[in-house]
Protein chains: 2
Amino acid sequence: MPDTFLDENKPANRFARAREAQAVALLEDYVEMIGDLSAELGEARVADIAERMHVSQPTATKSIARLKREGLATSRPYRGVFLTDEGARLADRVRDRHRTVVAFLIRMGVPEDIAELDAEGIEHHVSQVTLSAFEAVLNCKT
Amino acid sequence: MPDTFLDENKPANRFARAREAQAVALLEDYVEMIGDLSAELGEARVADIAERMHVSQPTATKSIARLKREGLATSRPYRGVFLTDEGARLADRVRDRHRTVVAFLIRMGVPEDIAELDAEGIEHHVSQVTLSAFEAVLNCKT
DNA sequence: GGCGCTATATAGCACTTGCTATACTTTCGA
DNA sequence: TCGAAAGTATAGCAAGTGCTATATAGCGCC
């Protein structure tokens, strides 16, 4: 699994690409969440992850299993979940991207609460090129 | 099923909302595609839909069945697929929204081909408020 | 009119992401 | 220390979206 997901692969067409991005979106959300919890509480417990993701605890466990399969996290039974180096890098990138998208939407005149909601869906589909364009807008046109 | 999907429901949080949008995205893509094919060829055949969506023909059939369940399309065995009034309205809205998002990204400096790719994923997560903000940018700042 | 090609439908499988119910471990207080 | 509460894992189910393989219907051509 490459360090960056979306930008490497070039699926057949825009629909296939969007499907690809959607499959990765969940992983990105979980990784960011685990990173946040680790920073806040020192560790990420399954129960906390489930609560914040608004899913049941077994659902969280199942998704965490996928994170482990993908090499993004580790965990031992009845212990907390920890990000691998790769997972931590992904979490940082996801968090930065989220902040950029939210800030960009707000700059475009979108109310903050709606910017936050929309960004959660949009961010997973923003390529590096588009993200850079957003950053350019944020930096230049004060 | 309301005429507009995303903007009506208010799921528990941003993650639930993003999941909601994702479930609707496929329907939107199919509906838009069927609308396009009907306009171009006079009717939308399963084989053409499958080809353009880059999925197998049985997969297209299954998704069309869901469209029919949701009241967005109709079809008789071994005949073409047709949009209901509601489906046609949705198709129009989806097409307009897609155009707006693409145009907006291009205005932000994103190359056209990348704008097209990213828009396919982004558009399904753009609320009416954000879409209006995009339109405002397109109209005002010439 | 019937034969074959094409289009469509159906069956059956895999995987993902949800859920509830239940079993098991850990932890903490009495 | 031991038992209950809390946390975690597992089992089993549903729905959605993919796929391949196969059956069936429609259509055109001889």
Side-chain angles (χ1 to χ4, degrees), chain A residues 1 5 9 11-13 15-31 33-34 37 41-70 72-82 120-121 124, chain B residues 1 5 9 11-13 15-31 33-34 37 41-70 72-82 120-121 124:
Chain A
M1 180 111 331
F5 295 89
N9 346 337
N13 70 97
F15 295 112
R17 187 193 144 102
R19 285 198 299 270
E20 189 73 26
Q22 175 241 314
V24 162
L26 236 215
L27 294 186
E28 293 181 337
D29 285 337
Y30 271 91
V31 158
M33 183 65 73
I34 293 169
L37 285 169
L41 309 177
E43 69 173 349
R45 305 302 304 244
V46 171
D48 296 327
I49 297 168
E51 186 187 348
R52 292 229 192 161
M53 295 294 293
H54 282 76
V55 297
S56 69
Q57 167 264 310
T59 295
T61 297
K62 210 178 287 189
S63 294
I64 290 164
R66 197 178 146 210
L67 290 186
K68 289 160 72 175
R69 274 209 310 282
E70 306 265 1
L72 296 171
T74 61
S75 77
R76 298 199 322 282
Y78 298 98
R79 296 295 174 211
V81 180
F82 301 93
E120 188 56 46
H124 301 290
Chain B
M1 180 112 330
F5 293 89
N9 346 338
N13 70 95
F15 295 112
R17 187 194 146 103
R19 286 198 297 270
E20 190 70 28
Q22 174 240 313
V24 163
L26 235 215
L27 295 186
E28 292 182 339
D29 285 337
Y30 270 92
V31 159
M33 182 66 72
I34 293 169
L37 285 169
L41 310 176
E43 68 172 351
R45 307 301 303 245
V46 172
D48 296 327
I49 296 168
E51 185 188 348
R52 293 229 192 161
M53 295 294 293
H54 282 76
V55 297
S56 68
Q57 167 264 312
T59 295
T61 297
K62 209 178 289 189
S63 293
I64 290 164
R66 196 180 147 207
L67 289 185
K68 289 160 72 174
R69 272 207 314 281
E70 306 266 359
L72 297 170
T74 60
S75 78
R76 296 199 323 282
Y78 298 96
R79 297 292 174 214
V81 180
F82 301 93
E120 188 56 46
H124 302 290

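Since we're looking at a predicted model, the values are computed, not measured. Letters go in sequence order (proteins before strands), and every chain restarts at 1.
When each of B:A44 and A:Y78 is assigned the nucleotide of DNA chain C with its nearest heavy atom, B:A44 is the one assigned upstream, toward the 5' end. Heavy-atom distances to DNA chain C give each of A:K62 and A:R79 a nearest nucleotide, and the one nearer the 5′ end belongs to A:K62.
Between B:H124 and B:E28, the closest side-chain pair of non-hydrogen atoms falls below 4.5 Å. Taking 4.5 Å as the limit, some side-chain heavy atom of A:K68 sits within range of a side-chain heavy atom of A:I64. With contacts defined as side-chain heavy-atom distances shorter than 4.5 Å, the pair B:L67/B:V81 does not qualify. A 4.5 Å side-chain heavy-atom check between A:R19 and B:V55 finds at least one atom pair inside the cut-off.
Rounded to an integer number of Å, the gap from B:L27 CG to D:dG16 P is 10 Å. Regarding B:R76, its CZ atom lies at a distance of 15 Å from the C1' atom of C:dA7, rounded to whole Å. Separating the CZ atom of A:R45 from the P atom of C:dT26 is a distance of 11 Å, rounded to the nearest angstrom. Following rounding to the nearest Å, A:M53 (CE) and C:dG18 (P) show an atom-to-atom distance of 7 Å. Taking atom CD of residue B:Q57 and atom C1' of nucleotide C:dT10, one finds them 10 Å apart after rounding to whole Å. For the pair B:F15 CZ and C:dT17 P, the computed distance is 15 Å after rounding to whole Å. A straight line from CD1 of A:I49 to P of D:dT8 spans 9 Å, rounded to a whole angstrom. Residue B:L26 contributes atom CG, which lies 14 Å from atom C1' of C:dT16 at whole-angstrom precision.
Between C:dA21, C:dT10, C:dT8, one nucleotide has an atom nearer to the side chain of B:A47 than all others, and that is C:dT8. Taking every side-chain heavy atom of A:R66 into account, C:dT16 is the closest of D:dT8, C:dT8, C:dT16.
Taking 4.0 angstrom as the limit, A:T59 places a side-chain polar atom (N or O) nearer than this to OP1 or OP2 of C:dC19. Distances shown here put a side-chain N or O of A:S56 below 4.0 Å from the OP1 or OP2 atom of C:dC19. Applying the 4.0 Å criterion to OP1 and OP2 of C:dT17, one finds that B:R19 has every side-chain N and O outside that range.
Closest non-hydrogen pair, B:A50 versus B:A60, comes out as CB-CB, 3.7 Å.
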